Amino acid sequence: EQAESKYLIPDTPLPLDSMYAMDAEVKLTTGVFWVPDPLLEAESVVRQSALSYSSTENTLVLDIEEISGSRGNLQGSVEIDRTSGTQQLESTLEWRDFPLGVTSAGTSLKALPRHDIQATLNARGDTPHQLASSLNGDILLTGGAGTLQDMSISFATESFTAQLFNTLLP
C-alpha cells in the first residue's frame, strides 16, 4: 500500500503524453457571447476570445491572443517543451484592466480600482509538485485609482500571501 503524500501539490506524473502525440493545431475565435459573472449578474466574465493551440512530438503551445470581459483583458502564451527529457514550462501573461476587490463591488465594477498585471514565469519538472517547487519569474502589478468599500485589505493580503507561501514552500 502506498503512503499518502505529504505534499499539498500532487507529486504524480503530468498526463501530457496523449497531447504530445496529437500533432495538432486548433484555433478558437468567438464573437460576442455572454458568460455570466457569478458575483455580478449584469456583467460577463468572458465577452469574446481568440486562442490558438498547437502540439508536436515535444512541444505544447497555447497562445492567448485575447480573452476579454468584466474582469479585464488577458493576452499571453504558455509553452511546455520536453526536448531535454523533462517538462520545461515558459509563460508570459498580461492582464490589463483587472478590477481589484470584486467581492466589495456591490452591483457594479465601475468604482473599483483597475490594475495591470504582467507575469513571466518558468518552471521545470514532470509532476505538478516539481513544477511548483521550481517556479521562477516576475510578476508586476500596476494599480489605478478607484474605491474599495467594506473590504479589509490587510486581511485579504495577509491571507493570500500566507496561502501562496504555504503552497509554494510546503
Side-chain angles (χ1 to χ4, degrees), residues 1-33 35 37-38 44-100 102 114-144 156-170:
E1 185 177 313
Q2 187 175 359
E4 188 174 324
S5 174
K6 63 181 179 180
Y7 301 120
L8 178 63
I9 299 173
D11 203 23
T12 56
L14 293 166
L16 299 176
D17 289 338
S18 61
M19 292 177 73
Y20 287 116
M22 275 195 254
D23 195 20
E25 256 188 59
V26 178
K27 291 186 185 276
L28 171 69
T29 304
T30 64
V32 177
F33 71 103
V35 177
D37 189 315
S44 175
V45 175
V46 177
R47 289 188 198 110
Q48 59 187 25
S49 63
L51 309 164
S52 63
Y53 166 81
S54 64
S55 64
T56 64
E57 183 179 337
N58 291 311
T59 308
L60 306 173
V61 178
L62 174 64
D63 283 319
I64 305 167
E65 295 174 34
E66 173 189 30
I67 299 176
S68 63
S70 63
R71 307 288 176 99
N73 304 304
L74 179 65
Q75 294 177 321
S77 67
V78 178
E79 181 175 336
I80 301 175
D81 188 313
R82 68 174 183 180
T83 306
S84 68
T86 300
Q87 316 290 333
Q88 177 73 36
L89 180 135
E90 300 283 335
S91 177
T92 58
L93 299 170
E94 184 175 348
W95 196 347
R96 293 181 324 276
D97 206 26
F98 172 73
L100 182 66
V102 172
R114 296 291 178 147
H115 292 72
D116 293 337
I117 302 170
Q118 295 174 329
T120 302
L121 305 170
N122 59 62
R124 184 177 181 87
D126 292 319
T127 70
H129 180 77
Q130 289 172 355
L131 287 172
S133 67
S134 69
L135 185 63
N136 194 9
D138 299 308
I139 298 175
L140 175 64
L141 173 68
T142 307
T157 305
E158 290 169 10
S159 175
F160 172 76
T161 304
Q163 289 179 21
L164 178 64
F165 281 113
N166 285 335
T167 301
L168 294 178
L169 306 168

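Given the structure is predicted, the values throughout are model-derived calculations rather than measurements. Residues take their numbers from the sequence shown, with the count starting at 1.
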Judged by atom type as modelled, is there a donor-acceptor pair below 3.5 Å linking the side chain of Ser134 to the main-chain atoms of Arg124? yes

Given side chains that start at C-beta, do those of Val78 and Leu121 come closer than 4.5 Å, heavy atoms only? no

Determine whether Glu25 and Ser54 make a side-chain contact, defined as any pair of heavy atoms from C-beta on separated by less than 4.5 Å. yes

As a test of understanding, state which of Val45, Thr30, Leu51 forms a side-chain contact (heavy atoms from CB on, under 4.5 Å) with Ile67. Leu51

Atom pair [atom1] ([X]) and [atom2] ([Y]), whose distance is rounded to the nearest 0.5 Å:
X: Arg82; Y: Thr56; atom1: CZ; atom2: OG1; value: 8.5 Å
X: Gln87; Y: Leu14; atom1: CD; atom2: CG; value: 6.0 Å
X: Glu94; Y: Thr92; atom1: CD; atom2: OG1; value: 9.0 Å

Just jot down the side chain to side chain donor-acceptor pair (under 3.5 Å) partners of Glu90, sequence neighbours excluded, or say none. Gln88

Write down the atom of Leu93, the atom of Ser77, and the distance for their closest heavy-atom approach. CD2-N, 4.2 Å

Determine, for Asp97 against Arg114, whether the closest basic-nitrogen to carboxylate-oxygen distance falls under 4.0 angstrom. yes

Sequence neighbours left out, what passes salt bridge (Lys or Arg N to Asp or Glu O under 4.0 Å) with Arg47? Give chain and number order. Glu43

Compute whether any side-chain donor of one residue and acceptor of the other, for Gln75 and Glu66, lie under 3.5 angstrom apart. no

